[in-house]
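Contents: one structure, followed by commentary.
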Amino acid sequence: TNVDTDIVDTGITMKLQGGVVGLELNNIVMNDGFFTNIPKFGGHILIPATTETGNLESVSFISLMGSCSNPSHNPAAPTAGASGHMAITTVKGVSGAVEIDTAAEKLGSYQFQVCYKLSDESSFKSAAIAIEIAEQLVVEASVNLGQALSPGRCDEILATVSVALKTNQGLSVQAFDSTVITASLFRCSEPCGEFLNGFAACSVPCPDDGWIDVTGSLRNGTEPLELGVATFENLVVDRNAGRFYMSFLWLRDGKSTATTDEFIVLPHHINTSGVQIGDVYQVGAQHEPATDRCEYGLLPREDVRCRGYATLPLVQVLMVDSRGRILDMVVEHDSFRVQAELEQGDQGLFDQDYALVQHTSDFYQREALDVGGAYLNTTNTAVVGMGQARFEGAKELLVRRQAGLFFRVQLRIVGSSQEFMRVHTSAFSISPSAIAIDPFNAAEVYQPSCADQQALAAIGTSAEIPKIGVKLTDAGGHTLSNMQCTACISLMLQTLTEDDCNKLGFEEAGCGEVAWTSRPGYYCTNDIGGTRTTPAATQFLSQPDCQALCEADQDCVAFNYYSPSTVADLLYDSTCWIVVNQCVQALSSQGGTLHLKPDDDTADAACKCPVESFDGRDIKHTVYSSNLISGTRHVVGSSVVDGQAELNGMYIKYVEGLTLDFQLKLRGIDLTANTRPLILVQKPLPLSSDPNPYVPATCTCVFKAGLTMITLDENDVMDGVEDPPITLPDVSDLPQYNTQNLFEMEALDCICKPTSEQGQTSC
């Protein structure tokens, strides 16, 4: 029978059968003498009004030493030692329920025997069972063995909590299994200090008035008592995080409670916003108020105020639940703190295998500019408020002494090693303010030395390009001294006419080997130009052999090829059909494949000036070097170490009078710089009257000017003694002076100095 739980909430049922009163607790028959506990507030006992031996009229509780039939021991009115006669009535439509609230409140906390009276009898009889009135029942909460509430995770099930109903003496109470225990959640709104033992606890206690009721964030917080224990196996903290404790209340009396220890709940995970994939942030100038002190040496160069920096946009770190919703966390009293660290991809070249930059002091916050210093051993953090940490204002993130590709910011909750408490921004690039080039002293004329003329004989007469030095700088011209990247500077020759390109271009291996075009399911008809087949003796010619026949035939434009099995089935003359003059394509119904021969013009065009696309530029193969960027055919490049790069070992075909412009580019970033023009001039004239060999480097200016070397006698040195006049050869016997070059050299500040070689003086 379904009975209202408010009526039978003690779980006790008394049944009279054959003159014997039986006691059931939660539908379980108990032995005689069983003592069940009833709290002072009482409740209802279910007693069927109609029995086999008559109708029950009333029951009473009296002392164990008393007599049910003695009115003085079993008075009609309640006393401290007897319940009085409690009539069996109909409560909420249920026939046969005894309300014991009033009697239980007056009774002392003792054991009592149960008496009953039938309606057709004059006196009470003993039921031979006993009950105990408990002063107050208590609840005890405990976390299941081997589990811990802290740290929990938002939106995930917490450790199981068991809540037991007991007497003051610690005895289990099972008489109220129809009642429920409810859980409440409280959150500390005061600082936690530091998280201890892997987020198990806080270092700073929460004051009594610092707890806020956030029960609305607790799911599955109601469980029934079963055999005196309520088991909470599915507790979940929803859309909240921080420091908590739970309180468990027995709703039947409204005052019996138990609490857990404090525990920490972490966000389900964290997200970030602000940096967009592919963003480029440029390094600017140094902190303006400190410029003079930096330049005059009043501040160390490594002071954060003395370096230009790139500024990141507002970086936000969001504490979220499993659905990505920002958590309902109170303003900063959470003590969650987010730390930001700068990482870069492998070799500054790949979007993978990220690691912290070697010099962590290159990553700092704007507040450091107010303090200064080298910013060593300092962390970048922001506290969490309203479910998010914001790196803005004084906490804005800055980067100095760095540039290149594939940077990202790692953001993590301080003290946490869990992966879900870690997040990374999108990858971004940092651009230097400028590429400073130190290629030549001025717009130089370059003449290959004697050694250069012997080099690279395989590619003809060539000249070595002077070494090119590169520095990556901030807006103040200071080198980005911690910038490191592999093969990230590339060189190309600019402003080439088609004629220049034809003169300077190097042919590559495989040049002209343009791929054939294959079209399965097609063939060339013989409607135009005709076709012819290979001889019958080579009926089952292979495809490579068929292609070789076509290549050897000047008139061949394509060939049709059929598999040997097809030829055998269809009784074709051959697998290989050579097409001459012209090809009219048509669908093949016999499984043929058409192979089109590349024309000569296509092959020749690929050889005239080979081009390779790299980093958004089409680079023509006009510079020869063994220092190529990995994975390219002819792109000359260099790595950047400590903000500097050097390109050398580069050669170019020698073309008299050609002016060359070289451009350098930083890989993946739209930043370029041009060298000064480089002019190729005529080869040096032979030495006219020099019996001894001279090291070309000692008379570079003379070579460049095309002047003749005149050897002086050893006694004709400038020793202060007047010597006979020098008899010069007749001018007609000397090569013409290239005075044009001489004037140009003087205009370019090239100073020709007398040099001594093997005891002789020349100028």
Side-chain angles (χ1 to χ4, degrees), residues 1 3-4 6-135 137 167 173-176 178:
T1 303
V3 181
D4 193 307
D6 286 342
I7 300 173
V8 294
D9 58 7
T10 62
I12 300 172
T13 301
M14 292 175 59
K15 293 183 177 180
L16 181 62
Q17 188 172 10
V20 177
V21 176
L23 181 68
E24 292 184 3
L25 177 60
N26 301 319
N27 297 320
I28 298 175
V29 177
M30 298 300 175
N31 296 327
D32 290 348
F34 171 80
F35 292 93
T36 189
N37 296 283
I38 297 177
K40 291 283 284 186
F41 59 79
H44 292 87
I45 297 177
L46 183 63
I47 302 178
T50 303
T51 69
E52 295 178 356
T53 56
N55 295 326
L56 284 171
E57 181 180 273
S58 60
V59 295
S60 62
F61 306 149
I62 67 171
S63 170
L64 292 176
M65 304 303 293
S67 172
C68 291
S69 59
N70 187 336
S72 61
H73 295 167
N74 186 11
T79 66
S83 66
H85 301 168
M86 297 178 290
I88 297 173
T89 60
T90 298
V91 180
K92 294 186 178 181
V94 177
S95 175
V98 176
E99 182 180 348
I100 61 173
D101 296 52
T102 302
E105 288 178 1
K106 292 184 178 181
L107 292 174
S109 298
Y110 308 112
Q111 294 177 357
F112 298 87
Q113 63 174 306
V114 178
C115 304
Y116 69 95
K117 178 181 178 298
L118 298 175
S119 57
D120 57 354
E121 294 182 353
S122 59
S123 62
F124 281 81
K125 296 179 181 179
S126 175
I129 58 175
I131 63 169
E132 180 177 0
I133 301 296
E135 185 67 29
L137 299 184
T167 66
V173 176
Q174 302 179 16
F176 293 92
S178 57

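In what follows, every heavy atom counts, from backbone to side chain, and hydrogens, waters and symmetry copies are set aside.
- Shortest non-hydrogen contact noted between Glu121 and Lys117 is O-NZ, 2.8 Å.
- Using a 4.5 Å cut-off on side-chain heavy atoms (C-beta onward), Phe112 and Ser60 make no contact.
- With sequence neighbours left out, the side-chain hydrogen bond (donor to acceptor under 3.5 Å, both in side chains) criterion links Ser83 to no other residue.
- Minimum interatomic distance between Asn74 and Ile62 (heavy atoms only, all atoms of both residues): OD1-CG2, 3.5 Å.
- Every residue two or more places apart in sequence or in another chain was checked for a ring pair (Phe, Tyr, Trp, His ring centres under 6.0 Å) with His73, and none qualifies.
- In this structure, the side chain of Gln113 engages the main chain of Ser63 through a donor-acceptor pair within 3.5 Å.
- Not counting sequence neighbours, the partners of Ser72 by the side-chain hydrogen bond (donor to acceptor under 3.5 Å, both in side chains) test are Asn70.
- Ser69 is linked by a side-chain hydrogen bond (donor to acceptor under 3.5 Å, both in side chains) to Ser67, counting only residues two or more places apart in sequence or in another chain.
- When all heavy atoms of Cys68 and Phe124 are compared, the closest pair comes out as O-CB, 3.3 Å.
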